[in-house]
Each structure stands twice: as C-alpha cells, then as structure tokens.
Amino acid sequence: MRTALLWVGLMAMSGCATAPEPSAPRESLKTVVESLASEAARLSPGTDLSLAVVDLRTGEAASVAGLEPHISASSAKVFWVAAALGQRDLATVAPLAEKVFRTSDNEASGEVIDLVGGPDAINVYLRGLGLEHTALTKWNYGRERWATNSPRVMGRDNYFCADDMVSFLARLDRREVLKPEPTARLLQWMELTPREGCGGWLGTRLPASVRASLQHKGGWLPPGCCGDDARYNVLNEVGLVTLPDGGRYAVAILASRGPDWPKQAFFVERASCVLYRHLAKDAALDCGDALARAGGPAPVVLAPGAPAPNYDCE
C-alpha cells in the first residue's frame, strides 16, 4: 500500500499524471435562440420572426423580438378556450374545444368566444393575466364580433407576442391559470392537433416519442388566403414539449410575411428541432442540418399570373 502511494506521488511530481480535460462550457439557451434568429434571415429571407422559450425545469428563458406584435391566427384559440374553462363547466366547453383543437374549427371558436361573453370579455381576461401585448379585435365566423376595448395595435387583426404566449403556457403548466381538472383537459385537447406536417410544424422534426405527447396549437394564414401576402403569410407554432427526463419547456415560434411558404415552414420546423436538441442534450438529432447548410428548400417559382399553391391544411 505504501509503495503504491509513493508511486502515485512520484508520478504526480514528474508531471506524468494526466489531469482530466475541462469540459467545454455548454451553449446557453440565449445563444441558441440568437443563432436561430440569424439563421432565419438566411433560410427564409423576408420572414419576420419572434421566438421565445423557457425551460420549465430551471426557469432559463430566452427570446428574440419577444414583445413584437404578430397576427395571432388560430394560435390564440388556446387563450380563448382557457378563458371559457375559467367561467363555464367542462361539459359545456368540451364539445367546442375538441373541434377547436382537432380541426381548428373557426365557427366553434366563435362559440367559445361567446361562452366567455364576447371579444371584450376575452380582452379583460387577457389583461387580468398580465398579457399586455395580446388582444382579440374581431372574429366574424358564424356572425360578426368586434371588440371595443382592443388597442388595435395591428389594425383589424388579432395579435399576440411570443413572450406573452410563453408566459401563459408556463403558468398553465404550473396549474396557475386554471384549476387542476380543467388544466388537465386543456392540455389533453392540445394533443388533438396534428403531430407533423401542415398544422403540426412544431413536431415534424422531433423524435416520434416526443411528437406523441406534444401539446400545441398552430396558427396559419398561408399565401393567397387573405388578400395581402406582404402582411400575412402567417405561420405560428406555440406549445409545451416534454423532454426525455420528464422536464418540459414552453415555446412560441411566430413567423410571418415570408414570400416563400415552404422555406418559412422549414425554418419553423428546424427551429423547433434545434431548441429540443439543445434542451434534451441530444447532439445526434438531425434537424435538417444538411438542408439548412444548402439554404433550405428550393424557392418556389410561379409562372406570371399563376395562383399560389394551396398551402392550407385541407
């Protein structure tokens, strides 16, 4: 024993003992988010991007353009169903909510707004949650509904921001927005949405096991839908993602005005995957890296006067 100790001491004095290599510092969530914002300009030129994410295990959060208003499209329906659950019983809300999340039914969404008391009541609910950069201005499916208390930051359009959505989702996950039973039902309804592809961009490049438990709501106003592609071409994804260790994170990826829909969709899918890869520490996950290095999908070139392809989820 004494001989062995002496040998160890001599090795250390001679410089032959090898100290462990210091591990490289782990990239911060902020760095990953900022890198994605830079990548968006290359992969989807012309896209306006807001991105926010919070690791619910640690509270680490990051965002770019997190308070920038974006047209909310159908992603705002998460707020409206939550507001209805805060006022009405589950049996009343459930038939409508299932349509809202399964097919993004717009007429059912209007009926959800009516359950709360109309657009003004929705905005009072949002302000009560401290969501100061989010509002419902109008919803005309089934019948006309106009808010008198919307700040109309985006004119006639409904809007939200990435930071507001991630704050809401984090509080929903902590059971701070609703009581336990309605919280559980809302999260279950958020699993009725598409897992991948159109309407399921958040999950497209995630592992299959993660897609299976994904709780999210896409919102989209594709080219040709609304009369002004320079204003719309909206592709939003918001949701809660479960990691292999059981931890979760809340994310909002808001993209709009991109002149090439497939490039914008590819970026949203890739951004979701890159965030998961970082938070799951899954370095082997392929997030479309080769395609990203090549500049993303080939641009769609239309003949003069040709109609835009139908990018809606039909």
key: Sequence-distant partners of Asp157, salt bridge (charged side-chain N to carboxylate O under 4.0 Å, His left out), two or more places apart   = Arg231
key: side-chain contact (heavy atoms from CB on, under 4.5 Å) involving Asn149 - partner list, sequence neighbours excluded   = Asp120, Asn123, Val124, Ala147
ask   = Taking only residues at least two apart or on different chains, which pairs with a member in residues 268-291 satisfy salt bridge (Lys or Arg N to Asp or Glu O under 4.0 Å)?
value = Glu39-Arg270, Arg205-Glu269, Arg270-Asp289, Arg277-Asp289
Within residues 61-89 or reaching into it, pairs that qualify as salt bridge (Lys or Arg N to Asp or Glu O under 4.0 Å) - sequence neighbours excluded = none
task = Just jot down the ring-ring contact (aromatic ring centres under 6.0 Å, His included) partners of Tyr276, sequence neighbours excluded, or say none.
result = none
With Cys273 via disulfide bond (SG atoms under 2.5 Å apart) - residues at least two apart = Cys287
task = Could you tell me which residues satisfy side-chain contact (heavy atoms from CB on, under 4.5 Å) with Leu67, sequence neighbours excluded, listed by chain and number?
result = His133, Cys161, Asp163
request  = Under the salt bridge (charged side-chain N to carboxylate O under 4.0 Å, His left out) rule, collect the residues that match up with Arg174, sequence neighbours excluded.
outcome  = Glu176
task = Please identify each residue that fulfils ring-ring contact (aromatic ring centres under 6.0 Å, His included) with Tyr159, with sequence neighbours left out.
result = none
task = Treating Ile, Leu, Val, Met, Phe, Trp and Tyr as nodes and any side-chain heavy-atom pair under 4.5 angstrom as an edge, say whether Phe266 and Val234 lie in one connected cluster.
result = no
task = Just jot down the side-chain contact (heavy atoms from CB on, under 4.5 Å) partners of Ala61, sequence neighbours excluded, or say none.
result = Val54
inquiry  = Lys138: which residues meet the salt bridge (charged side-chain N to carboxylate O under 4.0 Å, His left out) condition with it, sequence neighbours left out?
reply    = none
task = State which residues pass side-chain contact (heavy atoms from CB on, under 4.5 Å) with Ser72; sequence neighbours excluded, sorted by chain then number.
result = Ala76, Asn158, Phe160
request  = Report yes or no: do Glu27 and His278 form a side-chain donor-acceptor pair below 3.5 Å?
outcome  = no
request  = Answer with yes or no whether the side chains of Trp261 and Asn233 bring together a donor and an acceptor at under 3.5 Å.
outcome  = no
